[in-house]
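Working notes, structure below.
Letters go in sequence order (proteins before strands), and every chain restarts at 1.
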2 protein chains.
Amino acid sequence: MSSNRINTKSRILEVTWRLLESGNKAIRMADIAKAAGVSRQALYLHFPSRAELLVATTRHIDKVKNVDARLARSRSASSGVERLHAFVDAWGGYIPQIHGISVALRAMRDTDKEAAAAWEDRMQAVRQGCEAAVLAILQDGYLKEGITEITGVDLLWTLLSVENWERLVLECGWSQSEYEQTLKKIAEVSLMSQR
Amino acid sequence: MSSNRINTKSRILEVTWRLLESGNKAIRMADIAKAAGVSRQALYLHFPSRAELLVATTRHIDKVKNVDARLARSRSASSGVERLHAFVDAWGGYIPQIHGISVALRAMRDTDKEAAAAWEDRMQAVRQGCEAAVLAILQDGYLKEGITEITGVDLLWTLLSVENWERLVLECGWSQSEYEQTLKKIAEVSLMSQR
DNA sequence: ATGTCAACTTTACACAGTGTCAAGTATTTC
DNA sequence: GAAATACTTGACACTGTGTAAAGTTGACAT
């Protein structure tokens with residue numbers, strides 16, 4: 001029954017995702033096992049460690065939610081502003097989906113290299129999106145005076161951090177659209193010369 | 001020897017501070033004890049738990065660095081912009097000093113209520129500073145259209161988060177003055193109507 | 001029908017770090 | 001010289017991760 005193994009494996013991933021989404025920050029291996037209806041040890045038959053289970057869950061979510069397609073849309077924009085807006089929509093809209101797992105991964109960063117690397121990787125992908133947007137603005141000739149390409153990317157990347165989303169949406173109670181609109185505006189006034 | 005007890009206690013606080021400043025994220029009770037030249041158990045004679053030791057260290061740093069005096073200076077500014085700038089200087093300049101302990105406190109938030117409360121408390125103090133600045137801008141009549149007092153505070157508070165400082169200064173390699181200058185500018189263009 | 005293999009379960013245990021407990025020691029203080 | 005203070009030492013409970021080994025169950029092949 002090799003299909004059984006596959007079923008169990010993806011069931012574990014689904015369950016992990018669901019538990020992390022619940023907002024409970026202290027999800028243990030035992031919790032995941034219980035929710036998946038397997039023994040705690042069975043988890044280690046499929047994933048070598050907690051960190052790798054979380055990383056695999058991230059990849060699983062990416063696959064299901066189709067990140068690539070989301071981000072591709074921002075690449076087709078013609079002008080710099082459009083590209084900026086499209087990217088804020090794409091990434092900003094994706095944050096809520098991966099928020100649960102992002103909390104777990106970040107919490108493991110200090111103790112686990114794998115988790116740190118996985119999060120770093122994800123962040124570099126976001127940074128690339130920022131880079132493309134800033135470059136498009138630069139090529140349009142609208143990059144603000146005093147902002148270099150690099151500092152512009154640093155800035156946009158920082159503005160669009162998951163932590164800022166958490167603060168505004170979860171802590172301050174902003175709606176997702178308020179978040180997206182405001183961040184677009186701030187990114188604009190911070191990066192682009194207004195005429 | 002009651003003075004001995006006091007010496008040991010403050011030595012523990014100093015050593016904890018120093019170790020946290022070192023950037024090593026995994027400081028254990030045993031490490032602190034060793035560095036302070038006492039047994040691990042002696043720590044529990046002075047502080048009931050790791051969380052309370054960290055909280056006490058925070059208060060100790062505040063006392064030594066004189067936070068209150070720092071923040072008081074921003075309160076004496078006359079105009080809104082000045083107040084904004086003074087607050088960014090005061091808080092932004094304080095972040096590097098408390099960064100080590102802030103990392104430790106935030107890492108404990110998930111598992112420890114005390115640590116969570118201590119950090120929350122600190123953040124609310126910062127928020128009050130933000131509130132005062134935004135209010136001053138509002139009273140000057142320069143608060144940007146579309147920004148309410150509350151959203152303005154949310155925004156400034158988010159911009160001035162320790163996490164954003166970490167990203168720009170530690171991760172992106174900005175200097176402290178680059179950080180301060182840029183944040184002042186962004187806060188200005190985000191919150192104030194430019195004439 | 002029987003044996004084999006894969007996908008589990010069960011039980012046990014090592015390990016790290018926090019926090020508790022009890023008994024012992026050294027120095028001061030009255 | 002007794003009592004109090006500020007420790008030390010050593011043992012241990014607890015939680016969560018990860019490892020190891022032996023047992024169970026069902027599908028499938030011959």
Side-chain angles (χ1 to χ4, degrees), chain A residues 1-16 19-20 22 24-57 101 103-118, chain B residues 1-16 19-20 22 24-57 101 103-118:
Chain A
M1 251 227 279
S2 83
S3 75
N4 212 342
R5 168 157 233 162
I6 291 165
N7 286 340
T8 302
K9 189 161 190 168
S10 60
R11 200 170 67 247
I12 292 170
L13 290 171
E14 285 286 334
V15 146
T16 305
L19 287 178
L20 290 172
S22 78
N24 188 338
K25 285 161 194 295
I27 304 293
R28 295 159 302 179
M29 292 299 267
D31 299 325
I32 296 168
K34 198 174 171 187
V38 294
S39 68
R40 186 174 70 88
Q41 280 57 29
L43 299 182
Y44 292 97
L45 296 175
H46 296 283
F47 307 95
S49 67
R50 186 173 183 273
E52 294 216 43
L53 168 54
L54 292 183
V55 172
T57 304
I101 190 99
V103 170
L105 271 181
R106 276 179 291 148
M108 287 195 80
R109 266 192 303 184
D110 302 337
T111 52
D112 194 289
K113 287 205 164 187
E114 293 239 39
Chain B
M1 249 225 278
S2 86
S3 75
N4 212 344
R5 169 156 234 163
I6 291 163
N7 287 339
T8 302
K9 188 160 189 168
S10 60
R11 201 169 67 248
I12 292 170
L13 290 172
E14 285 286 333
V15 145
T16 304
L19 287 178
L20 290 173
S22 77
N24 188 338
K25 285 159 196 292
I27 306 292
R28 296 157 302 178
M29 292 299 266
D31 299 324
I32 295 169
K34 198 176 172 184
V38 294
S39 68
R40 186 173 70 88
Q41 281 59 27
L43 299 182
Y44 291 98
L45 296 176
H46 297 283
F47 307 95
S49 67
R50 186 172 183 274
E52 294 216 42
L53 168 53
L54 293 183
V55 172
T57 304
I101 190 98
V103 170
L105 272 182
R106 276 179 290 149
M108 286 195 79
R109 265 190 304 182
D110 302 336
T111 52
D112 194 290
K113 286 205 165 186
E114 294 238 36

Counterpart residues, side-chain hydrogen bond (donor to acceptor under 3.5 Å, both in side chains), relative to E14(B) (two or more places apart): H60(B)
Name each donor-acceptor pair under 3.5 Å that joins a side chain in residues 108-115 of chain B to protein atoms two or more places apart or in another chain, with its distance.
{"residue": "T111(B)", "atom": "OG1", "partner": "M108(B)", "partner atom": "O", "Å": "3.3"}
{"residue": "D112(B)", "atom": "OD1", "partner": "E114(B)", "partner atom": "N", "Å": "2.8"}
{"residue": "D112(B)", "atom": "OD1", "partner": "A115(B)", "partner atom": "N", "Å": "3.1"}

Length of the line joining [X]:[atom1] and [N]:[atom2], which is rounded to integer Å:
X	N	atom1	atom2	answer
K34(B)	dT8(D)	NZ	P	15 Å
L43(B)	dT18(C)	CG	P	10 Å
N7(A)	dG26(D)	CG	P	17 Å
F47(B)	dT18(C)	CZ	P	15 Å

Below 4.0 Å: OP1/OP2 of dA6(D) and any side-chain N or O of H46(B): no
Sequence neighbours excluded, every pair satisfying salt bridge (charged side-chain N to carboxylate O under 4.0 Å, His left out) that has a member inside residues 31-52 of chain A: R28(A)-D31(A)
With S39(B) via side chain to side chain contact (heavy atoms under 4.5 Å, CB included) - residues at least two apart: Q41(B), A42(B)
Approximate separation, where rounding is to 0.5 Å, of Y44(A) OH and L53(A) CG: 9.0 Å
T16(A) side, atom OG1; L43(A) side, atom CG - distance, nearest 0.5 Å: 7.5 Å
Heavy-atom protein contacts under 4.0 Å, nucleotides 12-23 of chain D, coded B base, S sugar-phosphate only, - none: ----SBBBB---
